[in-house]
Enquirer: 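Can you keep this structure in mind? I'll have questions shortly.
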Amino acid sequence: MIHRLSTLFVRTLRDDPADAEVPSHRLLVRAGYIRRAAPGGYTWLPLGLRVLHRIERIVREEMDAIGAQEVHFPALLPREPYDASGRWTDYGPNLFRLQDRRGVDYLLGPTHEEMFTLLVKDLYGSYKDLPVWLYQIQTKFRDEARPRAGLLRGREFVMKDSYSFDLDDEGLQRSYDAHRAAYVRLFARLGLDVVIVKAMSGAMGGSASEEFLSPCASGEDTFVRCTACDYRANTEAVRIGTPPAVDAGTTPPARVVDTPGTPTIQTLVDVLNSRDDLRRTTGTWTAADTLKNVLVMLRNPDGIRQPLAIGVPGDREVDMKRLEAAVAPAEVDAFGDADFAARPGLVKGYIGPDVLGETKPLGVRYLLDPRVVSGTAWVTGANEAGRHTVHLVSGRDFTADGTIDVADVRDDDPCPSCGSAMSIERGIEMGHVFQLGRKYAEVLGLNVLDDKGKQRVVTMGSYGVGVSRAVAAIAESHHDELGLRWPRSVAPMDVHVVIAGKPGDDTAATAGRVAAELSDAGLQVLLDDREGVSPGVRFKDAELLGMPMIVIAGRGVAKGVLEVRDRIAGTTVELPIGDVAKHVIACCA
RNA sequence: CGGGAUGUAGCACAGCUUGGCUAGUGCGCCUGGUUUGGGACCAGGAGGUCGCAGGUUCAAAUCCUGCCAUCCCGACCA
C-alpha cells in the first residue's frame, strides 16, 4: 500500500520538545509518532500506532506459538476480587480507584492476576483441564507518582500479561521455561537486545523470577553483570557471598576512646588518623574500618512499626531499594527524631552494637552486613556522644540477630558466582517472568480435582511484556543523531520514497511508478509527494521518521538511476531505475 | 511527599529585574510570487483567557498572595 506524506496525519517538529529528556521521547514526539494528552498518557498518531500494532502482532504470534490463548478483560474492574487478594489496600496509592453513580467501588486494572485466577476457577475444575496458558494485551493503569520519559513510564500503558495454571511444581517449571523461551524469541524479533537478570519476586510473592532488561542509560532498573561468568542480577536481587571467618588472634582488646565531634564516618576517620595513640602498623584508617549502624523503622502491612538496626561497613550505604526488597512486604520509614526520643539509649551518630539486638533492653533487632564476619575488627560507636570503640571484634565482642544483604552494590564488587569483578549497568524492564506459586489460587479458591479425586490448589506463573514501552525501548536502542531507525520487523512502513526533483521533471512520475511496484509486491510504502517542499526538508524528514529503506528520485533520474539508502546499515547505492524495486524487495524479505 | 526549575500562539523562546502605546521573535500554518540535492527567499496574512484566582495600582505578562500544572533530582513503584 502507498501512504502519501501529503495526506498522512503527521507533523514533524524542527525543535526538540522542551519537556522531553530521553532520546525516545524526544524523537517520537518530534517525528510525529505520539502526542502527550495527559500526564503520563500519550495519543498514538498513525505512524506510532502502526509500530505499536506491529509489536502487538509479534507478541501475539510468539504467545500463540507456544499454545497460549488470548482473552480480553475489561480495564474497569470490580473491587471484590482485589479485596480477596488484599491488593485493594496493599497496592496503595498507585491503584486508580473510582466509584460508579451508586457509590460502588471500582478500579482501573494495574495488572490482572485476580481476574485470570477467577476466570479459570469459573470454567475449570479438573486436573485434566491443566495446564492452561492465557494471555491478554491490555491497557493498564497505575497512578504513578511521577510519570516520566514519555512512554517509558506512563500512568496508562499497554502490557501483555499471561498466566499459567498447573497442578504441580514440575508443570509450573515447564510453563515458566516455555514462556521464558518465547520471550527470548520475541525480543529478538523486536530487535531488542535483552539481558536476563535474576529478579526479586517482591510483594507479588512466589519464587523464581527473572527480568528481561534492555540495557540503556535511560533505564530505571539497575543490574549487575559479571565480567567473567554469566551471572546477571537486578541489584535488588544480588546476594553477595559470605566471606570466610577471620582469625582475630592478634587483634588487641576492644577499648573505648574519646572522639569528640565525630558524628559522621568521615569526621571519625579524620580523627582516628590524627591520633598518635591509634596509629596502625598496617596503614591509615579508612571508612572501611568502621562499622556504621543505620536505624530504620519497618512498617508491617498490619500497621505495626518496629525498629531495625543494620550494621554495614562505613564505606558503604544502605541501599534503600535493596532494603525495601529484602524486608517486603514491610515498608521502610525513616527513623525520625521522635523515634530517637522514644529510645534514649540510642545516641545519634554514636550507636554501637552494645545496645543493639532483640535480647537487649531496647529490643532493637540488629542485622549485620555479611561482610562483618566473625573475627573482623571494627571501629564503631560507644553509645555515648563523642566516644567510639576500637578493635571491636565480631563474634568475640559482639553478635547480632542475623545478617542482611542490603549494602549498596558497586562497580568491581566481586561476583557471587565466580568472584570476578562485576559491572553495574542500567536497563529498561521489558519483560518479567516469574513463578507466582499458589498465593492467588489459595486466596481466591482456585482448586481442581486430581486423579485421586482430591482437591488440589493450582500453581500459577505470571509473565509480562511492556508493549507500549517496547516502542520507546526500540527507539532508545535504534536511533542516531538524525532520527529514528526502526528495525524492519516493527517499522511503520517498509520504505520511504522521496521525490527530490524539480517540479515538472519526471522524478515524481518515476517515484510514483517505483512506489507502485513496491506496493504491488506487498510492501508498505511512504511516498513523500508533498508539493513546494525543498529537498533538504524531505531528506531531514525521511531521516527523522526512520523507515529502514529510503529511495530517492532526484537528479539521478535523468541518468536513469535512483538512490537507495539503507538507514540501518547506513549505506547508499545508486541503481538503475528498473532494478530498484527488486533490490528493495530483496532487502525487506 | 521533599528539593530545584518552568508556565507567554501548534513548537521553541524573548519580554518580567526597573509596571506604561495595538505583547514580540524564529519555526510551523494560510495567500501570491520566485525557488528546488541537505531544514530556501520575497511580500502579505491568520493565530494569544501571557497557567488559574485574588490583591496592589490611574495602569499588571511584569509587583504581592494563594492555588494548579509540567519537567528534572530524590522518595515511592507488577
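Throughout, protein chains are lettered first and strands after them, A, B, ... in sequence-line order, and every chain is numbered starting at 1. All values derive from a computational prediction rather than experimental measurement.
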Enquirer: Using atom CD of Q136(A) as one end and atom P of rA78(B) as the other, report the distance to the nearest whole Å.
Expert: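 Interatomic distance, CD of Q136(A) to P of rA78(B): 19 Å.
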Enquirer: When we call it a touch if two heavy atoms are under 4.0 Å apart, what does R153(A) touch: a base, just sugar-phosphate, or nothing?
Expert: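 Base: the residue R153(A), judged by heavy atoms under 4.0 Å, touches a nucleobase.
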Enquirer: Assess, by modelled atom type and distance only, whether the side chains of E211(A) and S209(A) contain a donor and an acceptor separated by less than 3.5 Å.
Expert: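 Judged by distance alone, the side chains do not pair up.
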Enquirer: Is R530(A) touching bases, backbone alone, or none of the nucleic acid, heavy atoms closer than 4.0 Å?
Expert: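 Answer is nothing: R530(A) stays at 4.0 Å or more from every strand.
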Enquirer: For W133(A), what residues pass the ring pair (Phe, Tyr, Trp, His ring centres under 6.0 Å) criterion, not counting sequence neighbours?
Expert: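 With neighbours one apart ignored, the set is H179(A).
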Enquirer: Distance check, C1' atoms only: rC67(B) and rU22(B), in whole angstrom units.
Expert: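 My reading of the C1' atoms in rC67(B) and rU22(B) gives 32 Å.
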Enquirer: Which part of the nucleic acid, if any, lies within contact of K540(A), taking any heavy atom under 4.0 Å across all strands shown: a base, the sugar-phosphate backbone alone, or nothing?
Expert: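 Contact class for K540(A): base.
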Enquirer: Pick the nucleotide of RNA chain B nearest each of F157(A) and D541(A); which residue has the one closer to the 5' end?
Expert: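 On the 5' side of the pair lies D541(A).
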Enquirer: Paired with rA43(B): which nucleotide, if any, by Watson-Crick or G-U wobble criteria at under 3.5 Å for both distances?
Expert: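 With both distances under 3.5 Å, rA43(B) matches rU31(B).
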Enquirer: Between rG4(B) and rU65(B), how far is it from one P atom to the other, in whole Å?
Expert: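 Their P atoms lie roughly 15 Å apart.
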Enquirer: How close or far is atom P of rC71(B) from atom CZ of R148(A), stated in whole angstroms?
Expert: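 Between P of rC71(B) and CZ of R148(A): 10 Å.
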Enquirer: Over all strands shown, is R155(A) touching base, sugar-phosphate only, or nothing at heavy-atom distances under 4.0 angstrom?
Expert: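 Nothing, no nucleic acid heavy atom in range.
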Enquirer: Expressed in angstrom and rounded to an integer, what is the separation of F539(A) atom CZ from rG38(B) atom P?
Expert: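 Distance check: F539(A) CZ to rG38(B) P gives 8 Å.
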Enquirer: May I ask you to decide whether E563(A) forms a salt bridge with R565(A), counting only side-chain N to carboxylate O separations under 4.0 Å?
Expert: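 Counted as a salt bridge, because a side-chain N and a carboxylate O are separated by less than 4.0 Å.
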Enquirer: If we take the C1' atom in both rG54(B) and rU18(B), what is their distance in whole Å?
Expert: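 It comes out at 25 Å once rounded to the nearest Å.
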Enquirer: Take atom P in rA60(B) and the same atom in rC52(B), then report the distance between them in whole Å.
Expert: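 These two P atoms come out 15 Å apart once rounded.
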Enquirer: What integer number of Å spans the P atoms of rA43(B) and rG28(B)?
Expert: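 Their P atoms lie roughly 16 Å apart.
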Enquirer: Hey, does the side chain of S534(A) come within less than 4.0 Å of rA40(B)'s phosphate (OP1/OP2), counting only N and O?
Expert: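 Answer yes for this pair, as a side-chain N or O of S534(A) is under 4.0 Å from OP1 or OP2.
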Enquirer: Can you tell me how far C1' of rA40(B) sits from CZ of R538(A), to the nearest Å?
Expert: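 Value for this atom pair: 13 Å.
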Enquirer: Salt bridge check, R180(A) against E210(A): does any charged N sit closer than 4.0 Å to a carboxylate O?
Expert: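 Salt bridge: yes.
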Enquirer: Could you tell me the Watson-Crick or G-U partner of rA14(B), where both distances fall under 3.5 Å? Say none if there is no partner.
Expert: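 Its partner is none (no Watson-Crick or G-U wobble pair with both distances under 3.5 Å).
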Enquirer: If you assign V533(A) and G464(A) each to the RNA chain B nucleotide with the nearest heavy atom, which residue ends up on the more 5' nucleotide?
Expert: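 Closer to the 5' end of RNA chain B: V533(A).
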Enquirer: Does R30(A) pair with D15(A) as a salt bridge, N-O distance under 4.0 Å?
Expert: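 A salt bridge is absent here (no side-chain N lies under 4.0 Å from a carboxylate O).
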Enquirer: Please determine, for rG2(B), whether a Watson-Crick or G-U wobble partner exists with both distances under 3.5 Å, and give it or none.
Expert: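 Base-paired to rC73(B).
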Enquirer: Using atom C1' of each nucleotide, how far apart are rU8(B) and rG48(B) to the nearest Å?
Expert: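 The same atom, C1', in both gives a distance of 8 Å.
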Enquirer: When the distance from CG of D16(A) to P of rC11(B) is rounded to whole Å, what number comes out?
Expert: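 Taking atom P of rC11(B) as the reference, CG of D16(A) is at 14 Å.
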Enquirer: Return no unless some side-chain N or O of R14(A) is found under 4.0 Å from OP1 or OP2 of rG28(B).
Expert: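 Indeed, a polar side-chain atom of R14(A) lies that close.
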Enquirer: Donor-acceptor pair under 3.5 Å: do we get one between R565(A)'s side chain and the base of rG38(B)?
Expert: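 Counting by modelled atom types and ignoring angles, a donor-acceptor contact under 3.5 Å is found here.
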Enquirer: In this structure, how many angstroms lie between the C1' atom of rC1(B) and the CG atom of D143(A), rounded?
Expert: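 These atoms are roughly 13 Å apart.
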Enquirer: May I ask which nucleotide in the shown strands pairs with rG66(B), Watson-Crick or G-U wobble, both distances under 3.5 Å?
Expert: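 In the structure as shown, rG66(B) has rC52(B) as its Watson-Crick or wobble partner.
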Enquirer: Are F157(A) and F141(A) close enough that their ring centres sit under 6.0 Å apart?
Expert: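 So the answer is no for these two rings.
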Enquirer: Taking any strand in view, what nucleotide pairs with rC21(B) in a Watson-Crick or G-U wobble way, both distances under 3.5 Å?
Expert: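 Across any shown strand, rC21(B) pairs with none.
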Enquirer: Students often get this wrong, so: under 4.0 angstrom with heavy atoms, is R142(A) touching a base, only sugar-phosphate, or nothing?
Expert: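 Base: the residue R142(A), judged by heavy atoms under 4.0 Å, touches a nucleobase.
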Enquirer: Select base, sugar-phosphate, or nothing to describe what P110(A) touches, counting heavy atoms under 4.0 Å on all strands.
Expert: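 Nothing, no heavy atom under 4.0 Å.
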Enquirer: Classify the angle between the aromatic ring planes of Y33(A) and W486(A) as parallel (below 30°), tilted (30 to 60°) or perpendicular (above 60°).
Expert: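 Rings of Y33(A) and W486(A): tilted, as their planes differ by 30° to 60°.
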Enquirer: Work out how far the C1' atom of rG37(B) is from that of rG10(B), and round it to whole angstrom.
Expert: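 Straight-line distance between the two C1' atoms is 29 Å.
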Enquirer: So R30(A), base contact, sugar-phosphate only, or nothing? Heavy-atom distance under 4.0 Å.
Expert: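 If one applies the 4.0 Å heavy-atom cut-off, R30(A) turns out to touch a base.
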Enquirer: Measure NZ/K160(A) against C1'/rA78(B) and give the value in whole Å, please.
Expert: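 Interatomic distance, NZ of K160(A) to C1' of rA78(B): 13 Å.
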Enquirer: Any side-chain heavy atom of I55(A) sitting closer than 4.5 Å to one from L190(A)?
Expert: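 I55(A) reaches L190(A) side chain to side chain.
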Enquirer: Base, sugar-phosphate, or nothing for E563(A), non-hydrogen atoms under 4.0 angstrom?
Expert: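 Base, at least one base heavy atom under 4.0 Å.
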Enquirer: Identify the nucleotide, in any strand shown, that forms a Watson-Crick or G-U wobble pair with rU57(B), with both distances under 3.5 Å; if there is none, say none.
Expert: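 rU57(B) is unpaired by these criteria.
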Enquirer: Between rA14(B) and rG24(B), how many Å separate the two C1' atoms, rounded to a whole number?
Expert: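 After rounding to an integer number of Å, I get 7 Å for this pair.
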